[in-house]
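Sequence positions, counted from 1, serve as the residue numbers for this chain. Both backbone and side-chain heavy atoms feed into the values below; hydrogens, waters and symmetry mates do not.
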Amino acid sequence: MRYLKVFLLVLIFFIVMMFFVQNQASFSDPVILKLDLLIIPEMESIPLPLYSVMLICFALGAFIVLLMLMWDRVTISSRAIAARRKAMNLEKKLNQVETELASLSTKHAETETKLKADLEETEKKLNTVLRASENE
């Protein structure tokens, strides 16, 4: 796949270079850029060849796209950091709940054992009382 990408990039570069070579005379024509905002006096640039205007626009566009990609990267990174922090907090809460559950389970088992012992003792006393009342 990597070789296919490289091949496509070389092909695109070749086509663009052929386009520039075949239209070199047209791209060398001078262009004067004007700006009239009605608030400030009209401004004009010095005569620039068309290819330099195209290169400046390309570089400016690439810079803007780079800034947008960096902004997306920073946004995604901050979301990832926030998600990691939230996950760590939830894991801490989960560990606390698991510890409390284990403690409650132990207490429950101890209480159940104690209640069973108390029940058996009470049954023995009851049987003893019933036998004593039967003997009378």
Side-chain angles (χ1 to χ4, degrees):
M1 187 68 176
R2 192 176 351 169
Y3 296 116
L4 183 62
K5 287 180 184 178
V6 170
F7 175 73
L8 288 175
L9 285 173
V10 169
L11 183 65
I12 290 170
F13 181 75
F14 177 74
I15 291 170
V16 169
M17 290 307 297
M18 289 300 294
F19 178 74
F20 275 106
V21 168
Q22 291 173 0
N23 296 295
Q24 186 176 5
S26 298
F27 290 140
S28 295
D29 292 340
V31 176
I32 298 174
L33 302 175
K34 294 180 184 180
L35 177 65
D36 186 13
L37 296 178
L38 302 176
I39 300 172
I40 57 175
E42 182 178 309
M43 293 186 284
E44 288 186 4
S45 70
I46 59 172
L48 298 169
L50 181 59
Y51 66 84
S52 65
V53 174
M54 291 173 64
L55 287 174
I56 291 169
C57 289
F58 175 79
L60 186 62
F63 181 70
I64 290 171
V65 168
L66 178 67
L67 289 178
M68 291 173 59
L69 291 174
M70 287 174 54
W71 178 260
D72 285 344
R73 176 72 178 200
V74 168
T75 303
I76 289 171
S77 295
S78 65
R79 285 183 184 173
I81 290 169
R84 273 192 222 112
R85 190 175 304 130
K86 186 175 181 180
M88 287 173 48
N89 289 336
L90 290 174
E91 285 177 359
K92 286 179 184 177
K93 286 182 182 179
L94 177 63
N95 290 336
Q96 289 174 350
V97 169
E98 286 176 344
T99 304
E100 289 177 15
L101 178 63
S103 172
L104 290 175
S105 294
T106 304
K107 286 181 182 178
H108 175 70
E110 290 172 356
T111 306
E112 188 176 2
T113 305
K114 185 177 179 184
L115 286 175
K116 283 182 182 179
D118 289 347
L119 180 63
E120 288 175 3
E121 186 179 323
T122 306
E123 285 178 350
K124 287 179 185 177
K125 286 180 182 179
L126 183 62
N127 286 336
T128 306
V129 170
L130 285 176
R131 284 184 195 146
S133 66
E134 286 178 359
N135 291 338
E136 289 180 5

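Hydrophobic clustering (side-chain heavy atoms under 4.5 Å, transitive across Ile, Leu, Val, Met, Phe, Trp, Tyr) groups Val53 together with Ile46. Hydrophobic clustering of Ile, Leu, Val, Met, Phe, Trp and Tyr side chains at less than 4.5 Å, counting indirect connections, unites Ile39 with Met43. Residues Val6 and Val16 are members of separate hydrophobic clusters, defined by side-chain heavy-atom contacts under 4.5 angstrom among Ile, Leu, Val, Met, Phe, Trp and Tyr.
Shortest non-hydrogen contact noted between Ser78 and Thr75 is OG-O, 2.7 Å.
The salt bridge (charged side-chain N to carboxylate O under 4.0 Å, His left out) test applied to Glu120 returns no partner, not counting sequence neighbours. With sequence neighbours excluded, the residues satisfying side chain to side chain contact (heavy atoms under 4.5 Å, CB included) with Leu69 are Val65. Every residue was checked against the side chain to side chain contact (heavy atoms under 4.5 Å, CB included) condition with Lys93, not counting sequence neighbours, and none meets it. Legend: residues meeting side chain to side chain contact (heavy atoms under 4.5 Å, CB included) with Met88, ordered by chain and number and at least two apart, are absent. Partners of Glu98 by side chain to side chain contact (heavy atoms under 4.5 Å, CB included), not counting sequence neighbours, listed by chain and number: Leu94, Asn95.
A 6.0 Å sphere centred on CD of Gln24 holds no more than 12 heavy atoms belonging to other residues, nucleotides or ligands.
Remark: side-chain polar atoms of Thr128 are paired, donor with acceptor, to backbone N or O of Lys124 under 3.5 angstrom.
Other residues sharing the hydrophobic cluster of Leu60, ordered by chain and number and joined by side-chain separations under 4.5 Å: Ile64, Met68. In this structure, Met18 shares a hydrophobic cluster with Phe14, the cluster being traced through Ile, Leu, Val, Met, Phe, Trp and Tyr side chains under 4.5 angstrom apart. Members clustered with Ile15: Leu11, by chain and number, using a 4.5 Å side-chain heavy-atom cutoff among hydrophobic residues. Leu9 shares a hydrophobic cluster with no other residue; no ILVMFWY side chain has heavy atoms under 4.5 Å from its own.
Here the straight-line distance linking atom CD of Glu123 with atom CG of Leu130 works out to 11.0 Å at 0.5 Å rounding. Put simply, CZ on Phe7 and CD1 on Ile12 are 10.5 Å apart, with the number rounded to the nearest 0.5 Å.
For the side chain to side chain contact (heavy atoms under 4.5 Å, CB included) with Leu50, the lone residue among Leu55, Asn23, Val31 that qualifies is Val31.
For the ring-ring contact (aromatic ring centres under 6.0 Å, His included) condition, the pairs that include at least one residue of residues 24-83, sequence neighbours left out, are Phe19-Phe27, Phe20-Phe27. The stretch residues 66-92 participates, sequence neighbours left out, in no salt bridge (Lys or Arg N to Asp or Glu O under 4.0 Å) pair at all. Sorted by first then second residue, the salt bridge (Lys or Arg N to Asp or Glu O under 4.0 Å) pairs that include residues 99-118, not counting sequence neighbours, are Glu112-Lys116.
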